[in-house]
Amino acid sequence: MAIDWALFQFANGLAGRSPILDRIIQILMNDYALTTAMVLVLFALWFSGSSLEARERNQRAVLSTIVAVLLANLIVKACNLIFYRPRPFAYHEVTLLFYHPSDSSFPSNAATVGFCIAASVWLFNHKAGFLLYTLSCLLALARVCGGVHYPSDILGGLLVSTFSAWLVIRKWHFLDRWWMAIIHWLRRWLLA
Amino acid sequence: MLYFVSVKLALGYLLFSFLSALGILQLVATRYRLRGLAFLDHAQHGAKGYALAALLIVCGALLFFAGQWHAILTPGPAGSELAFLFGLSATGALAVTCIVTSIVQKRRPGFLTQAITDQGETVTVGRGTGRLYLPHNLNAPAPAVVLVPGLNNNEGDLTILAHQMAEEGFAALVICLDRGSCLYPEVLTIVPAAISMLSKRPEIDEQRLGIVGHGLGGDLAIRAASTDKQIKAVAALAPVLVEVQPSLDLLREMPYLEALRWARDRSRANLRAALNALEYGSRIAPRSFLLLYGAEDRLVSRTPTEAWQAQQATSMRLEVIEGVGHFDLVKHPVAVRVLIQWLREHL
C-alpha cells in the first residue's frame, strides 16, 4: 500500500503544475475521448482486412470483445458489492482534475474496459491490440494523474480485464459457433 | 432505464460519435477500397478519402469537446448509456453512408472513356439485335469476334472494346442482350445465331471467328464455344464460373444498394448454374482459350477457378491484371492490350 500511495503521489504530482498539462490530462481522463477512440478502433476493425479470412478474424475479435467487456463489468460490479474502496481524494489531499466519482475506486472501471478491449483484440490482431493497449495505458495513467484512482485500482482493472479476455477467447470456444453464425448472417446483408 | 443526466451532453455525444463513425467508415473505405462505402471515388481522388475521414473525426471532436468542455468534466451518461448512444450513432452512420454512396456514386467512368461516334451497323442476331463494327480499310475478309456482355448492362463498355478491336483490324459484333433473352435455354441460341450471321458476311473470314464474353457473358461464351467448332478462339473476361458468396467484398465493386440487388439476384445465379461453364469449358481444347481476370475482382471466386484452370489443357491461358476490378476489366488498357494481342496470335 505504501508503494501504491507513493506511486499515486508521484503521478498526481504532475497535476496542477501547468495549465497545459492539466488540460491534456483532462482530455485523456474524461469518460468520452479515449473510450470513444477505442470503440472507434473496434468499429474500424469490423470492416478491416485484406482478405475474407483476415476480416473474419477481426470480426470475431470485435464480437469476443463485446462479451469480454460485459463479463469484466460484471466482475467489477461483483467486486464493488464485496469491497468498497474510497477514492484517493476522500481521505487525502490530492490535486483533482475531475468531478468527484462516488463509486468504489477499486478496480478502475475505465481501466477495466480499456484493457479488456485491448487484451481481447490483441489475442486476434497484435497490431490493433498494441494501439488499443497504448490508448488504455494513456487512459489509466491520466486517471491516476487526475486524482481519481490509485495505481492498484488500475492494476486490478488490468487483471480483471485480462482474465475476462482470456476466459472468453481462450476457454469459451462454444462462442465461436455463434460468432460464425452472426458473421454469416451479416454477410448476407453485405455487412460482414 | 436510460437517464443520461444531461440531455444536451447526450445529444452532443451522439453527434460526436456519429461524425466520428462516418469518418471511420471513410477511412476503412479508402484503405480497403470499399467503393460502396466511400463518398469519394478512390480511383479518382486517392488520398482525399483519408483527408475527408480526418476532417469528419476532427470536426466531431471539436464540436463536442470545445462546445461542452465544462459539462464533460461533470457527471454525465453512464457507460451503458454511452454504449447505447454509440451503437445508435454507428448504425446511423452506416445507414447514411450506404444510402449516400448509393445515390451519389455512379459507376467509375473507367480507363478508356473516349466518346464513341461510330455506333456500328445494327444487325439482326436471331431474335435480337447486335452492332457490328468493321475495320476501316478492308482489303481482305477480316477475322471477327463476337462480344457477349454480362447481365450487368456493360454493353456500353463492350462497345468501347469493339471500337478498339475494329481499329486493330478485327470485325467485332456486340450482342445486345435484354433481360428477356437471358433466360435459359433461350440464351443458348444467341451465339450460334451471331456466328451464323457473321459467316454469311462477305467482309468476314469465316475461318477466323472468335468469341469474347464478360462476366456471365464469359460463361455463355465458354458454353457456346464448347459445342460450336467454328469458333476458333475463346476469351472469357472475368467469367463467373463458380458462385461467389456475398460479403462486404462486393462493396469493392459497387455501391451498397446495387450490391445488395446483385447478391439477391437469383436469375443470375440460376443462369450461371444452368450454363455450367466449368463443365463445358473442358471441351474447348485443343482450341485456344484465354481466361482473363482483374486481381481486384470480387464478383468471381478465383481460387476454385485457378484450380480448375491448372487441370485443363495447355491451350488454356490464364492472365490476371493487377489493380483491376470486375467492371473495369473490359475498359482497362492493359487488359485490352493483352486481349487484342492474344486474338492476333490465336485467330
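The chains referred to below are lettered A, B, ... by the order of the sequence lines, with proteins before strands, and numbering in each begins at 1. Note that these values count all heavy atoms, side chains included, but never hydrogens, waters or copies made by symmetry.
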**Request:** Tell me, out of A:V39, A:T35, A:D31, who's got the most heavy-atom pairs with chain B below 4.5 Å.
**Result:** A:V39
**Item:** Largest heavy-atom contact set with chain B, pairs under 4.5 Å, which of A:S102, A:A44, A:A110
**Value:** A:A44
Do [X] and [Y] come within less than 4.5 Å of each other through their side chains, counting heavy atoms only?
X      : Y     : result
A:Q26  : B:I72 : no
A:H100 : B:P75 : no
A:T36  : B:F64 : no
A:F43  : B:L25 : yes

Verify the neighbour count for atom [atom1] of [X]: are there more than 12 heavy atoms of other residues, nucleotides or ligands below 6.0 Å?
X      : atom1 : value
A:Y99  : OH    : yes
A:F130 : CZ    : no
A:I20  : CD1   : no
B:R33  : CZ    : no

**Prompt:** Counting a contact as any heavy-atom pair under 4.5 Å apart, which residues of residues 172-192 of chain A contact chain B?
**Reply:** A:R187, A:R188, A:W189, A:L190, A:L191, A:A192
**Fill in**
Ranked by heavy-atom pairs below 4.5 Å to chain A, first place among B:I57, B:L82, B:L27, B:L37 goes to B:L82
**Prompt:** Rounded to the nearest 0.5 Å, how far does CG of B:L73 lie from CE of A:M29?
**Reply:** 8.5 Å
**Request:** Give, for atom OH of B:Y32 and atom OG of A:S50, the distance between the pair rounded to the nearest 0.5 Å.
**Result:** 5.0 Å
**Request:** Could you walk me through whether A:W46 and B:V28 pass the side-chain contact (heavy atoms from CB on, under 4.5 Å) test, one step at a time?
**Result:** CA-CA 10 Å; A:W46 181 268; B:V28 289; over 6 Å; no
Go through the atoms of [X] and report whether side chain, backbone, both or neither lie under 4.5 Å from a heavy atom of chain A.
X      : result
B:Y256 : both
B:T74  : backbone
B:A259 : both
B:L260 : both
B:L85  : neither

**Message:** When you compare the side chains of B:S17 and A:Y32, does any donor N or O come within less than 3.5 Å of an acceptor on the partner?
**Reply:** no
**Request:** Could you tell me which residues satisfy side chain to side chain contact (heavy atoms under 4.5 Å, CB included) with A:F106, sequence neighbours excluded, listed by chain and number?
**Result:** A:F83, A:R85, A:D153
**side-chain contact (heavy atoms from CB on, under 4.5 Å) assessment of A:R55 paired with B:D249** = CA-CA 10 Å; A:R55 200 168 57 237; B:D249 279 334; 3.0 Å; yes
**Request:** Could you tell me which portion of A:A33 (side chain, backbone, both or neither) has an atom closer than 4.5 angstrom to a non-hydrogen atom of chain B?
**Result:** both
**Atom of A:F47, atom of B:L34 and distance for their closest heavy-atom approach** = O-CD1, 4.2 Å
